[in-house]
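Data first, discussion second: the structure below is written as C-alpha cells.
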Amino acid sequence: MTTLNPAGIPDAFWRDPVERAKSDPAAFGELYDRYAGQIYRFVRARIRDDGLAEDITAEVFLSALRHIKGYRDLGRPFSCWLYRIAVNAVASHYRRQRSALSLDDQLGLVSPLLDPLDEVVDRERLRTIWQAVDGLPAQQRAAMILKFSEDMTMEEIGAVLGKSPAAAKLLIYRAMQRLRRELAPAEPLALAS
C-alpha cells in the first residue's frame, strides 16, 4: 500500500531520487552525484583519453536526463540503465572514430614488491591481454570489461547488456575461449644441434 503525505504525494517520491528526477530536472543532480564516478570509470576503462571519457560520461548523463521520464523500474538497479546507456555511447564513439584503442595503458596493478623486470613483464602481459580484449566482438568486449574491470556479477552484466545472466556468462566464456586461442604461446621451435 502506498502511503501519502498530507499533500497527497506518495512517500516513495521523497525517498526515490529517480522518481523526483522524472518531474524535476534539478533533482537529477543527486543521481549524477551518486553514479557519475562509476560510469566515468567504466567509460575510461574503454576509452584511454581522460577528456574524451569525461565527454562521453557527460553524454551518458545528458541522454539519461532527456529520457528519465521513460525510465521504468524493472527490479534492477538504476545503475544498470546508466551502464546500458554508457555501453551504447562507447559503441557509438567507436563507430564514429573507427580506431582501435588499448583498454589499459594506465592500470597500475603491480605490486611495489616486484622486481623491476617482473613489473615490466607483468605490464606487458596485461597490455597484451587488454589489447586482445579490444579485438573481441562488441558484446564480448563489454561483458569482459564489466566483469574484470568493473567487477560486476553475471546478473548485473546481463542487466546492463539486456541479456539473461546465463547469456552474460556465455559471452564471458566465449570471450575467454577466444582469448586463450589467441594468446596461447606459439609452438616452441626445435633447435638444431
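Heavy atoms only: backbone and side chains are in, while hydrogens, waters and symmetry mates are out.
- At distances below 3.5 Å, at least one donor-acceptor pair connects side-chain atoms of Arg44 with backbone N or O atoms of Ile47.
- One hydrophobic cluster, built from ILVMFWY side chains closer than 4.5 Å, holds both Phe148 and Leu146.
- Interatomic distance, Tyr83 OH to Asn88 CG, rounded to the nearest 0.5 Å: 14.5 Å.
- For the atom pair CZ of Phe28 and CZ of Arg66, the computed distance is 10.5 Å after rounding to the nearest 0.5 Å.
- Hydrophobic clustering (side-chain heavy atoms under 4.5 Å, transitive across Ile, Leu, Val, Met, Phe, Trp, Tyr) keeps Ile157 apart from Leu170.
- One distance of note links NZ of Lys163 with CD of Glu155; it measures 16.0 Å at 0.5 Å rounding.
- Taking OG of Ser63 as the start and CD1 of Ile68 as the end, the distance is 10.5 Å to the nearest 0.5 Å.
- Across all non-hydrogen atoms, the minimal contact from Leu82 to Val60 is O-CG1, 3.9 Å.
- When all heavy atoms are compared, the tightest approach of Arg46 to Arg141 is NH2-NE, 2.6 Å.
- A 4.5 Å side-chain heavy-atom check between Glu59 and His93 finds every atom pair outside the cut-off.
- Taking 4.5 Å as the limit, some side-chain heavy atom of Pro137 sits within range of a side-chain heavy atom of Arg178.
- Nearest heavy atoms, Ala21 versus Leu31: CB-CD1, 3.8 Å.
- With respect to Leu136, the side chain to side chain contact (heavy atoms under 4.5 Å, CB included) criterion is satisfied by exactly one of Leu171, Ile145, Leu179: Leu179.
- Counting all heavy atoms, side chain and backbone alike, Gln140 lies closest to Ala175 at OE1-CA, 3.7 Å.
- Between Tyr35 and Phe78, the angle of the ring planes lies from 30° to 60°, which puts this pair in the tilted group.
- Across Leu161 and Gln139, no two heavy atoms sit closer than the pair CD1-O, 4.1 Å.
- Between Glu156 and Arg76, the closest side-chain pair of non-hydrogen atoms is not below 4.5 Å.
- Looking at Trp81 and His67, their side chains come closer than 4.5 Å, going by heavy atoms from C-beta outward.
- The nearest pair of heavy atoms linking Ile39 to Ala86 is CG2-CB, 4.2 Å.
- Both Met154 and Met176 sit in one connected hydrophobic cluster of ILVMFWY residues. Membership requires side-chain heavy atoms under 4.5 Å apart, directly or through other members.
- Under the 4.5 Å side-chain heavy-atom criterion for ILVMFWY residues, no single connected hydrophobic cluster contains both Tyr40 and Ile56.
- Of the possible polar contacts, one joining the Lys22 side chain to the Tyr71 backbone as a donor-acceptor pair under 3.5 Å is found.
- Once rounded to the nearest 0.5 Å, the distance linking OG of Ser23 with NZ of Lys69 reads 7.5 Å.
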